[in-house]
Amino acid sequence: NNLPLKFYPLGKEKKIVANPSHQFGLPTIEGTNILAEAIYSLFKAGDSKDKISFLYEISNQEVDDAIFYFNSAA
């Protein structure tokens with residue numbers, strides 16, 4: 001079957017990936033189990049990017065990618 005295994009909605013240079021066999025296909029930070037929406041929700045609630053990256057042990061760029069994904073989808 002010629003179905004793709006992963007989808008990079010922002011392109012491969014960004015760390016957001018949707019994989020149908022991982023987290024029900026919801027967008028995650030690539031290589032993690034972290035939902036991009038969780039990162040975005042914390043940011044919208046007022047947490048700083050530095051705090052989020054520290055709590056989840058991800059880079060500031062990965063935090064930025066999650067925020068950009070949800071801002072561009074709106």
Side-chain angles (χ1 to χ4, degrees):
N1 74 48
N2 294 323
L3 297 175
L5 298 178
K6 295 180 183 177
F7 173 64
Y8 295 86
L10 301 175
K12 286 190 175 183
E13 65 277 356
K14 302 288 186 185
K15 292 293 191 169
I16 304 300
V17 62
N19 182 342
S21 64
H22 184 74
Q23 289 285 22
F24 304 102
L26 294 171
T28 61
I29 306 296
E30 186 175 29
T32 74
N33 227 7
I34 303 168
L35 292 172
E37 186 173 11
I39 302 301
Y40 182 68
S41 294
L42 287 172
F43 177 73
K44 290 294 285 183
D47 287 334
S48 72
K49 293 177 185 179
D50 288 334
K51 181 178 180 181
I52 296 167
S53 66
F54 176 77
L55 288 173
Y56 282 92
E57 297 180 356
I58 59 175
S59 70
N60 282 347
Q61 183 60 51
E62 290 167 322
V63 173
D64 286 339
D65 290 349
I67 293 167
F68 180 79
Y69 173 78
F70 279 95
N71 281 336
S72 65

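Side-chain atoms of T32 come within 3.5 Å of backbone N or O of I34 as a donor-acceptor pair. Counting only distance, with no hydrogens or angles, the side chain of D47 and the backbone of I52 share no donor-acceptor pair below 3.5 Å.
A cation-pi arrangement is present between K14 and F68 under the rule of less than 6.0 angstrom and at most 45 degrees off the ring axis.
Atoms CG and OG, from N60 and S53 in turn, are 4.0 Å apart once rounded to the nearest 0.5 Å. L55 contributes atom CG, which lies 7.5 Å from atom CG of L42 (distance to the nearest 0.5 angstrom). Expressed to the nearest 0.5 Å, how far CG of L26 lies from CD of E37 amounts to 7.5 Å. Here the straight-line distance linking atom CD of Q61 with atom NZ of K49 works out to 9.0 Å at 0.5 Å rounding.
For the residue pair Y8 / E13, no side-chain donor-acceptor distance below 3.5 Å is found, with atom types taken as modelled. Side-chain atoms of S48 and D50 form no donor-acceptor pair, as typed in the model, at a separation below 3.5 Å.
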Point to revise | Verdict with supporting geometry, D65 and I29, side-chain contact (heavy atoms from CB on, under 4.5 Å) | key: CA-CA 8 Å; D65 290 349; I29 306 296; 5.8 Å; no
Practice item. Under the side-chain contact (heavy atoms from CB on, under 4.5 Å) rule, what do H22 and K6 come out as? Steps first, then yes or no, please. Key: CA-CA 9 Å; H22 184 74; K6 295 180 183 177; over 6 Å; no
Check your understanding: So Q23 and N19, side-chain hydrogen bond (donor to acceptor under 3.5 Å, both in side chains) or not? Walk me through it.
Key -> CA-CA 7 Å; Q23 289 285 22; N19 182 342; over 6 Å; no
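Linking Ile, Leu, Val, Met, Phe, Trp and Tyr whenever their side-chain heavy atoms come within less than 4.5 Å puts F70 and L10 in one cluster. A single hydrophobic cluster is seen to contain both Y40 and Y56, as judged by linkage of ILVMFWY side chains at heavy-atom distances under 4.5 Å, directly or through other members.
Between V17 and P27 the shortest side-chain heavy-atom distance does not fall below 4.5 Å.
Across A66 and A36, no two heavy atoms sit closer than the pair CB-O, 3.8 Å.
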